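Worksheet: one structure, shown below.
A quick note: this is a predicted structure, and the numbers were derived from the prediction, not measured. Just so we're on the same page: letters track the sequence lines, and every chain starts at 1.
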Amino acid sequence: MAVIPVDRKPLSFAERTYMPQILSGMKITFKHLMAPKVTMEYPEERPAIPAGYRGVPTLVKDPNGREKCVSCQLCEFVCPPKAIRITPGEIPPDAPTRHVEKAPQAFDIDMLRCIYCGLCQEVCPEEAIFLQQQYTMTGYSREEMVNHKDRLYELGGTLPDEHYKWDKKKAAEEHGNAH
Amino acid sequence: MSDFFQLHPILLGILKGLAVILVIFPIAGVCSLAERKVSAWIQGRPGPNRAIPPWFAWVPVIGPFLQRLGVFHLMADGGKLLFKEDPIPGHVNKFYFMLAPLVGLVPAFTTVVVVPFGAYFDQAGHLIPLVLANVDVGLLAVFAVSSLGVYSLILAGWASNSKYPFLGAVRATSQLVSYELAMTLSVLPVFLWINAPGMSGSLSLARVVDFQSQAGFWGGAWFVFTMPISAFVFLVSLFAETNRQPFDMPESEADLVGGFHTEYGAFKWSLFFVNEYAHMTVGSGVFILLFLGGWNPLPWVSLATLIGWLSHLGAWAAHPLFVGVLSVVIFITKIITMLFVFMWVRWTLPRFRYDQVMKIGWQRLLPLAIANLIVYTVGIALLQK
């Protein structure tokens with residue numbers, strides 16, 4: 001590349017006193033004094049969260065109100081900071097929401113450990129755990145920062161499900177041709 | 001106002017002193033809030049607006065308005081600074097360490113004594129300045145006592161027994177020494193001008209204001225118009241003496257961590273800022289008295305003229321109490337404007353480097369002040385011949 005020498009122009013007397021520059025600077029800051037505020041006042045105003053944002057991990061139910069999680073514990077094993085703790089349990093055979101044998105008895109995510117990596121969502125075979133838009137996870141104690149199962153379902157709600165996997169499986173069970 | 005309060009002079013003096021302290025101290029406190037608000041507004045954010053005490057929250061319109069304005073943060077800050085942990089480093093001399101912020105309060109509040117903050121007319125029509133001690137050495141006393149404020153910074157820097165505070169203290173001292181010269185030289189033309197030969201000489205600040213409130217074009221012109229260079233040098237020196245940006249050398253956080261108050265916390269730390277704001281208040285008061293016409297409302301409109309206009313509305317306008325209060329209000333309004341300018345400049349200019357500060361002081365302002373002095377001395381000598 002060619003080197004282009006740029007001459008630095010000598011400053012004029014007015015520039016060397018700095019006063020015109022200082023005064024024009026003060027004019028600018030005075031305009032800012034009157035200008036509307038640019039900040040968002042956080043707790044009252046919230047930013048719009050883009051789709052696909054990876055916030056707090058949550059558990060979701062299928063559109064029939066059943067737990068999707070089958071407590072396979074893959075997320076627990078894959079979780080790098082070991083934030084997830086699952087206690088598997090059985091679903092009684094006569095339960096109205098029964099679709100599989102197992103569901104989590106307890107599902108705790110310690111948000112003090114969670115690093116929002118999203119591996120749990122990646123690994124979940126049932127699409128039961130999602131990192132959703134909740135980005136303000138606060139609490140006054142360590143206990144408050146552990147999300148239990150109820151809270152996880154409350155945060156997660158229901159996501160649209162295209163597969164209805166368990167409906168198909170149940171129908172296949174009832175009409176033979178299970179697999 | 002001894003005409004209205006027939007009290008023992010000592011009691012009267014104490015009352016007047018308390019009244020002045022009760023005005024200056026809150027101004028210094030409110031300044032810390034104003035600084036936060038002004039800086040926020042300039043930076044395009046709303047500033048402190050959260051704190052609200054319980055009962056005020058129930059007042060419909062005024063409560064939220066005052067909360068938005070952040071006035072309760074003053075109390076919240078005070079409470080926080082009083083009750084937070086105030087550690088004293090183990091390696092310091094505790095006595096001097098504790099003494100330093102207190103030493104700063106003394107000059108900050110002593111200078112107020114000789115600053116006239118208003119005036120009224122007695123029955124004979126003479127102007128009586130409202131001042132705690134109307135002494136002839138007025139300005140000299142301000143310069144002498146206000147520079148003692150740096151002892152507090154030196155003591156703080158030295159007693160902290162650590163390097164950065166000490167450097168901050170050294171810088172504060174050298175800055176004061178450098179700019180005190182230019183400042184003193186810059187006001188000399190004013191006093192050469194008002195002290196005509198043959199009259200009894202005086203350095204009284206009330207006399208300067210009196211001089212600026214005469215009739216006629218040249219009589220009513222404030223000294224900022226007749227002596228702009230003096231006013232400029234004085235203002236720049238004032239910024240340096242009160243350690244305001246862009247001359248914020250003693251505490252420049254960028255290279256000295258916080259300067260002389262690095263080791264201080266809680267209320268001792270805030271005392272340094274009360275001192276700084278008190279110095280700013282008194283300093284801008286002196287600037288207003290010298291160059292901006294003191295308690296005269298506008299250039300070429302003196303207090304007497306304004307009272308003359310107002311007296312058409314009723315006889316109450318000429319009452320000394322009304323005139324006194326009006327003059328004080330005008331003066332405090334000007335002081336508040338000046339304090340705003342201090343904050344406005346702070347959020348406009350970046351901090352100077354230490355060598356630049358020294359260079360501006362010794363190589364620019366001092367020769368300018370000397371040249372200014374010579375020019376005005378010759379001019380005044382020719383005019384008064």
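- For a residue to count as touching a neighbouring chain, one of its non-hydrogen atoms must lie under 4.5 Å from one of that chain's; by this rule B:Arg346 does not touch chain A.
- Around the CG atom of A:Leu11, the shell of radius 6.0 Å holds more than 12 heavy atoms that belong to other residues, nucleotides or ligands.
- Considering every non-hydrogen atom in both A:Pro43 and B:Arg50, the closest pair reads CD-NH2, 4.3 Å.
- Using a 4.0 Å cut-off between charged nitrogen and carboxylate oxygen, B:Arg45 and A:Glu41 do not count as a salt-bridge pair.
- Surrounding OH of A:Tyr140 are at most 12 heavy atoms belonging to other residues, nucleotides or ligands under 6.0 Å away.
- Of residues 25-35 of chain A, those residues lying under 4.5 Å from chain B by any heavy-atom pair are A:Gly25, A:Met26, A:Thr29, A:Phe30, A:His32, A:Leu33.
- Ranked by heavy-atom pairs shorter than 4.5 Å toward chain A, the options B:Phe232, B:Trp347, B:Trp344 are led by B:Trp344.
- Heavy atoms of other residues, nucleotides or ligands lying less than 6.0 angstrom from NZ of B:Lys359 number 12 at most.
- Within a 6.0 Å sphere centred on OH of A:Tyr116, other residues, nucleotides and ligands contribute more than 12 heavy atoms.
- For B:Ile42, the parts lying under 4.5 angstrom from a heavy atom of chain A are both the backbone and the side chain.
- The line from CD1 of A:Ile22 to CG of B:Leu349 is 5.0 Å long, rounded to the nearest 0.5 Å.
- By the neighbour-count criterion of 12 heavy atoms within 6.0 Å, atom OH of A:Tyr135 is densely surrounded, having more than that number from other residues, nucleotides or ligands.
- The neighbour count for B:Arg351 CZ, taken as heavy atoms of other residues, nucleotides or ligands under 6.0 Å away, is above 12.
- For a residue to count as touching a neighbouring chain, one of its non-hydrogen atoms must lie under 4.5 Å from one of that chain's; by this rule A:Met40 does not touch chain B.
- Counting heavy atoms of neighbouring residues, nucleotides and ligands inside a 6.0 Å radius, atom CD of B:Glu85 does not exceed 12 of them.
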